[in-house]
Amino acid sequence: MDGIITGLTTDEKLNILADAAKYDVACTSSGVDRRGQKGTLGNSVSCGICHSFSADGRCISLLKVLMTNHCIYDCKYCINRKSNDVPRATFEPDELCDLVIEFYKRNYIEGLFLSSGIIENPTYTMERMCRILYLLRTKYRFNGYIHVKTIPGASDELLSMAGYLADRISVNMELPTDDSLRSLAPNKSFKTILDPMGKLTNTIGAHRLAIGKSPRMERSSINKYLPGSIFNYEGDGAKGTISGGKVDLLGEAAKGYAQSSGNEQALSLSSGSLLPAMTGDDARRRAFAPAGQSTQMIVGAGGDSDYTIIRTAQSLYQGYDLKRVFYSAYIPINDDPALPPKDTAVPLLREHRLYQADWLMRYYGFVADEIVSESEPDLDLRMDPKCNWAVRHLEVFPVEVQTANYNMLLRIPGVGPKSAARIVNARRYGTLTFENLKKMGVVLKRAHYFITCSGQMMYRIPMERDYIVREMVDADRKENWRLTAENKQYRQLSLFDDQFQSMGNG
């Protein structure tokens with residue numbers, strides 16, 4: 001059924017297009033602090049949008065929907081590929097805008113996550129998506145959070161307009177290597193993905209400079225620039241190489257800005273930036289993608305190792321200053337010799353471990369080669385990556401919490417940034433005990449293997465890798481089982497379904 005079904009009601013379209021959007025991962029925090037304004041509807045809070053989660057852990061708090069699930073591409077892993085016989089539908093711009101506003105008024109959603117298949121060509125599709133965003137921001141005066149996934153290959157003008165209208169913008173990489181992309185998504189290429197990604201980075205940096213901020217997105221103070229990269233790429237939006245831990249990929253994010261009359265700022269963007277197409281219109285002037293840009297990689301569709309995926313993510317953080325890299329466990333939905341069989345288990349636990357590894361890079365000062373290596377290219381699914389690093393480096397443990405510096409404390413399993421900061425602050429006033437550490441938020445079931453308080457361990461523990469691994473795996477067995485055995489059904493929850501339990505808030 002290649003053609004789009006006509007005569008569908010809005011509810012019927014929503015059922016088709018919301019279900020088709022469940023394979024796109026939505027952002028879990030806004031990163032934008034914008035209060036409601038007189039004459040507008042909605043706001044956005046920097047600490048994040050409230051979320052509910054489906055059984056497979058995917059966010060459903062935004063209205064996550066496709067503009068259309070018709071697609072001219074034939075990506076092997078995609079349910080909406082042109083060779084699949086699935087019902088097709090398309091929202092008209094005003095129709096989708098009405099839906100967003102009505103759902104927002106009823107408190108069903110906090111914002112919009114908009115993606116789309118490709119209809120006719122990338123530029124035509126992106127133009128229709130921009131029309132939806134423009135109508136929401138102007139005609140409907142919607143001031144809430146919007147995350148839009150752009151269409152690689154669309155014109156720079158449309159990419160620029162999307163950046164001014166949305167809070168977060170994404171260019172999906174989908175797969176971590178060019179070879180994988182050519183094999184599973186023959187209509188896509190790294191050039192059409194990295195070019196707009198580089199231009200977005202430059203433009204976001206220029207706008208941040210214009211308001212007196214650093215051109216790079218805020219990140220952990222000990223890990224603002226991740227060393228090392230595997231990219232050697234040259235395109236219109238990103239030129240150069242990275243070697244020896246030094247970045248020289250994007251060029252200047254911006255050459256500066258100049259004050260003009262009133263409060264207006266005339267940005268002088270680098271040649272790799274997007275056209276500032278909307279800065280001259282007072283009614284539409286907005287910050288450019290204030291919540292940054294992100295991307296998504298599919299996990300388990302191809303044969304790429306965790307080592308390849310994590311090193312690619314590290315390079316994206318360093319070279320393109322992404323706010324987030326999202327990982328989406330591949331759900332076997334298509335029959336194709338290049339894909340895993342349809343009865344293959346969904347790698348949800350692997351996805352979970354990749355998110356944990358990603359967190360270590362962004363907030364704990366780790367680099368990819370510490371988490372995985374060429375000799376051990378895949379994460380140990382039995383335990384989290386931080387524990388795995390610790391048991392492979394028992395020569396540095398146990399750590400004395402009374403004297404260890406902040407960066408070393410962060411390397412201890414069970415100790416996070418907040419608890420590490422509390423330890424550093426509290427030990428100035430007295431000697432710490434294990435009971436003190438527990439009250440500070442240290443997870444002692446993991447940490448007690450690796451720390452001492454005043455030279456004493458919590459229990460008499462042999463510092464042997466096999467013993468510690470066995471104990472930690474046994475402690476995590478229940479959680480690992482929950483992430484695999486319990487997650488048998490993969491579906492997009494209905495906005496009106498009252499039979500699910502919220503798994504948490506963002």
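One is the number of the first residue; the rest follow in order along the sequence. As the structure is a prediction and not an experimental result, all values here were calculated from the model.
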Look at the side chain of [X] and the backbone N and O of [Y], then say whether any donor-acceptor pair between them is shorter than 3.5 Å.
X: S373; Y: D369; value: no
X: N172; Y: M297; value: no
X: T150; Y: L159; value: no
X: R208; Y: S214; value: yes
X: T344; Y: P340; value: no
X: D167; Y: H147; value: no
X: R137; Y: F142; value: yes
X: R81; Y: K76; value: yes
X: S180; Y: P176; value: no
X: R311; Y: A368; value: no

[X] side, atom [atom1]; [Y] side, atom [atom2] - distance, nearest 0.5 Å:
X: Y320; Y: M173; atom1: OH; atom2: CE; result: 7.0 Å
X: M161; Y: E127; atom1: CE; atom2: CD; result: 9.0 Å
X: N84; Y: D74; atom1: CG; atom2: CG; result: 7.5 Å
X: R324; Y: L316; atom1: CZ; atom2: CG; result: 13.5 Å
X: N202; Y: F288; atom1: CG; atom2: CZ; result: 10.0 Å
X: M67; Y: I132; atom1: CE; atom2: CD1; result: 5.5 Å

Quick test of your reading of the model: are [X] and [Y] salt-bridged, counting only N-O distances below 4.0 Å?
X: D94; Y: K139; result: yes
X: K386; Y: D384; result: no
X: K199; Y: D195; result: no

Within a strict 4.5 Å, meaning less than it, do heavy atoms of the [X] and [Y] side chains meet?
X: L181; Y: I193; value: yes
X: R168; Y: K323; value: yes
X: N69; Y: T90; value: no
X: F103; Y: L99; value: yes
X: L184; Y: E174; value: no
X: Y307; Y: D378; value: no
X: T68; Y: I118; value: no
X: Y327; Y: D358; value: yes

Looking only at heavy atoms, what is the nearest atom pair of [X] and [Y], with distance?
X: F190; Y: T177; value: CZ-C, 3.6 Å
X: V346; Y: Y330; value: CG1-O, 3.8 Å
X: C71; Y: R88; value: N-NH1, 4.1 Å
X: F91; Y: K13; value: CE2-CB, 3.7 Å
X: L165; Y: C130; value: CD1-O, 3.8 Å
X: S116; Y: M129; value: CB-SD, 3.7 Å

* To do: Begin from the C-alpha positions of E120 and T125 and carry the test side-chain hydrogen bond (donor to acceptor under 3.5 Å, both in side chains) through to its verdict.
  => CA-CA 7 Å; E120 293 196 18; T125 306; over 6 Å; no
* side-chain contact (heavy atoms from CB on, under 4.5 Å) evaluation trace for L136 with I101 -> CA-CA 8 Å; L136 279 172; I101 299 304; 4.2 Å; yes
* side-chain hydrogen bond (donor to acceptor under 3.5 Å, both in side chains) between D98 and Y140, worked out -> CA-CA 8 Å; D98 284 333; Y140 293 86; 3.0 Å; yes
* Asked: Using the ring of each side chain (for Trp, its six-membered ring), is F326 parallel, tilted or perpendicular to Y355, with breaks at 30° and 60°?
  ->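 The rings of F326 and Y355 stand perpendicular, inter-plane angle above 60°.
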* To do: Over 60° means perpendicular and under 30° means parallel, so classify the ring planes of Y363 and W359, tilted if in between.
  =>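 Taking Y363 first and then W359, their aromatic rings sit tilted (interplane angle of 30° to 60°).
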* To do: Report the C-alpha separation of V171 and I151 in whole Å, then their side-chain angles, then the decisive distance to 0.1 Å, and conclude whether the side-chain contact (heavy atoms from CB on, under 4.5 Å) test is met.
  => CA-CA 7 Å; V171 186; I151 308 299; over 6 Å; no
* Candidate pair R362 and Y317, rule side-chain contact (heavy atoms from CB on, under 4.5 Å), full reasoning -> CA-CA 8 Å; R362 290 192 295 132; Y317 283 129; 3.2 Å; yes
* To do: Could you check S305 against T308 for side-chain hydrogen bond (donor to acceptor under 3.5 Å, both in side chains), going step by step and ending with a plain yes or no?
  => CA-CA 5 Å; S305 67; T308 300; 3.3 Å; yes
* Applying salt bridge (charged side-chain N to carboxylate O under 4.0 Å, His left out), name anything that partners E102, two or more places apart in sequence or on another chain. =>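 E102: salt bridge (charged side-chain N to carboxylate O under 4.0 Å, His left out) contacts with R106.
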* Who pairs with E92 by salt bridge (charged side-chain N to carboxylate O under 4.0 Å, His left out), at least two apart in sequence or on another chain? ->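 Residues passing salt bridge (charged side-chain N to carboxylate O under 4.0 Å, His left out) with E92: R128.
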* Could you go through the side-chain contact (heavy atoms from CB on, under 4.5 Å) check for Q314 and V367 one step at a time? => CA-CA 8 Å; Q314 176 177 274; V367 295; 3.5 Å; yes
* So, D336 versus Y77: side-chain donor-acceptor pair below 3.5 Å or not? ->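 No, Y77 and D336 have no side-chain donor paired with an acceptor closer than 3.5 Å.
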* Pair S170, S294: side-chain N/O donor-acceptor within cut-off below 3.5 Å ->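 A donor-acceptor contact under 3.5 Å links the two side chains.
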* **Any pair counted as salt bridge (Lys or Arg N to Asp or Glu O under 4.0 Å), so long as it reaches residues 287-307, sequence neighbours left out** =>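 Found D306-R350.
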